[in-house]
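Below is one structure; the comments refer to it alone.
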Amino acid sequence: MASFTLHGIPVSRGIAIGRAHLLAPAALDVKHYLVSEEQVEAEVQRLQHALATVHKELQTIWSELPKDSPAELGAFIDVHALILSDPLIAETPLDIIRTRHYNAEWALVTQIDELSAQFDEIGDAYLRERKADIQQVGERVLKVLTGSAMSLDTLNRSDGATGHMIMVAHDISPADMLQFRDRAFSGFITDLGGQNSHTAIVARSLDIPAVVGMFNASALIEQDDWLIIDGDAGVVIIDPPSSVLDQYRDRQSKLLRDRKKLGKLKKTPAITRDGTEITLLANIEFPDDCAAAMEAGANGVGLFRSEFLFMGRAGHVNRLPTEDEQFESYRKAVVAMKGRPVTIRTLDIGADKPLDTAEQTALNPALGLRAIRYCLTEPQMFLAQLRAILRASAFGPIKLLIPMIAHAFEIDQTLALIEQAKAQLRDANKKFDPLIPVGAMIEIPAAALTLPLFVKRMDFLSIGTNDLIQYTLAIDRVDHEVAHLYNPLHPAILHLLSNTITLSEKAGIPVSVCGEMAGDPKLTRLLLGMGLREFSMHPTQILSVKQEIVNAELATLVPLTKKIMRAYEPAVIAEAVEQMRAI
Ligand code: PEP
Ligand code: MG
């Protein structure tokens with residue numbers, strides 16, 4: 001077959017080379033037949049047995065999770081276990097067998113299709129991803145029913161090249177990906193998914209090259225085809241000629257060598273060649289992620305996305321975590337960081353991160369009642385979170401960070417609520433840090449353009465480039481159809497960033513970047529040239545960014561940055577950024 005190339009959304013970096021292993025969706029090809037009255041109970045039992053087997057499988061995956069796994073991995077399995085025991089999956093298909101006499105597979109697929117259609121009608125991006133979870137659970141049950149459950153032992157035996165297979169699938173569930181890790185697969189390709197899908201998040205946290213959103217790759221790629229995944233470019237090369245294969249093998253070995261070298265930087269301080277010290281912080285979702293932050297040598301946590309404590313709690317008696325539960329999580333984080341500061345962002349719920357309890361009625365949720373806007377409409381809930389954070393501040397240095405704030409009155413109301421929470425704690429004789437620093441996320445263009453309002457009222461600022469880009473360029477960050485317009489080097493973004501950094505510095509208040517730009521080593525020097533001294537990123541990125549810093553010289557970066565800031569042509573900007581990296 002002739003070589004060809006497919007493009008998708010790069011979600012996890014690196015290069016993988018191997019043979020394709022196609023994971024066919026079990027839902028295709030299920031048998032459809034009617035069972036007789038006498039066979040109905042046997043068919044019901046067959047399905048019940050399959051459901052119970054999958055339940056056990058999930059428990060096994062859960063109990064075998066390595067201690068150092070990212071916390072969200074366990075949460076994903078929980079979601080699948082919850083779906084599995086929901087009556088819509090655990091009971092309705094059994095009723096379908098009893099009433100319509102469908103065979104077990106047909107009954108299950110009918111119900112999954114029905115639920116999927118209901119999700120399609122909602123049309124919300126986050127919920128669409130939940131639909132994928134339901135389908136993945138359904139496929140797991142089908143695999144057991146049809147006896148096609150993939151055994152890892154069989155896989156490992158059938159291909160001597162263990163560790164050199166690339167999984168190609170319409171979609172892969174996070175639980176499946178977990179099972180396969182460290183065993184057979186060195187890369188992942190899926191037709192579905194976006195930057196935000198669970199599978200993408202798991203791939204990134206496991207550090208396995210992956211490209212998603214490939215449309216019909218699973219139909220075009222054949223079993224055992226040779227594949228190259230370029231996880232940085234989002235490119236997959238099918239049946240590459242040997243010259244290309246050799247080229248990528250060289251690149252791959254170089255990457256491995258570079259990674260080994262990077263490990264040596266763990267204890268090296270992040271200081272530029274001309275002696276300026278840079279602070280490198282970690283972005284975390286759960287308190288357990290602090291271990292990875294410490295391991296990478298982070299100077300603290302620059303962004304604790306507290307909303308992850310609030311999401312996926314549909315099965316809990318309390319749909320929201322109580323003040324005490326939250327306090328425990330925040331305390332755990334600050335204790336784990338051993339005196340290094342932990343910046344806790346208050347609830348950033350809404351848009352692609354809805355609360356299970358919140359109704360998604362907004363036509364355009366990214367522009368709707370999100371983050372601080374939502375918190376100000378729910379003062380009791382917000383006060384409980386503020387009290388929990390304040391109480392944890394008695395156990396180590398904590399900073400409070402407010403997301404998506406744009407108006408002076410929002411700042412004033414928020415500060416008033418913080419004072420109210422402090423007063424409540426004083427009345428209850430509870431300890432907290434009375435001088436806890438309060439900062440704002442600069443992630444709405446309106447905020448970046450009215451910095452004097454913020455520097456006057458806030459102790460520090462943190463630039464959320466993910467949303468700043470989304471709102472400045474008017475592109476939904478989870479919509480893959482406009483993903484190509486997502487450009488951190490757009491001059492509008494560069495000006496908002498540079499302006500925010502310069503004005504904060506003039507006002508004498510600390511500013512960091514905590515969006516994905518901060519963890520992209522290709523942009524480190526540009527940000528340094530703009531005057532940025534604090535970067536916050538996923539712990540896996542810290543050493544790559546540190547390497548850029550220790551090799552950089554501010555004296556040469558500053559004039560080059562000025563040149564970039566005068567340019568408007570994309571080609572000129574891109575070339576200057578490249579040039580900056582080469583010096
Ligand atoms: C951002 O918007 O850049 C950010 C860091 O926050 P989130 O990605 O959680 O919206
Ligand atoms: Mg944001």
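In this chain, residues are counted from 1 in sequence order. Read the numbers this way: they start at 1 and go in the same order the structure lists the ligands and their atoms.
The shortest heavy-atom distance from R370 to ligand 1 is under 4.0 Å. Within the structure, the closest approach of E516 to ligand 1 does not fall below 4.0 Å when heavy atoms are considered. The shortest separation from a heavy atom of M441 to ligand 1 is under 4.0 Å, placing the residue in contact.
Listed by chain and number, the protein atoms of type N/O/S under 2.8 Å from the Mg ion (ligand 2) are E443 OE1, D467 OD2; waters are omitted.
Protein heavy atom closest to atom 6 (O) of ligand 1, with residue, atom name and distance, is R345 NH1, 2.9 Å. For atom 7 (P) of ligand 1, the closest non-hydrogen atom of the protein is R305 NH2, 3.5 Å. Summary of contacts: the protein heavy atom closest to atom 3 (O) of ligand 1 is N466 N, 2.7 Å.
Between the NZ atom in K456 and the CD1 atom in I509 there is a gap of 13.0 Å [rounded to 0.5 Å]. Note that OG1 of T272 is 10.5 Å distant from CG of N551, once rounded to the nearest 0.5 Å.
Pairs passing the side-chain hydrogen bond (donor to acceptor under 3.5 Å, both in side chains) check and including a residue from residues 291-310, sequence neighbours excluded, read K266-E295, E285-R305, S306-Q385, E307-R345, E307-K353.
Which parts of ligand 1 touch E443 is read off a 4.0 Å heavy-atom cut-off, strictly below it: atoms 1 (C), 2 (O). Listed by number with element, the atoms of ligand 1 under 4.0 Å from a non-hydrogen atom of C514 are 5 (C).
A parallel orientation is assigned to the rings of Y568 and H495, their planes being inclined by less than 30° (bins at 30° and 60°).
Counting only N and O atoms by type, the side chains of S512 and S536 include no donor and acceptor under 3.5 Å apart.
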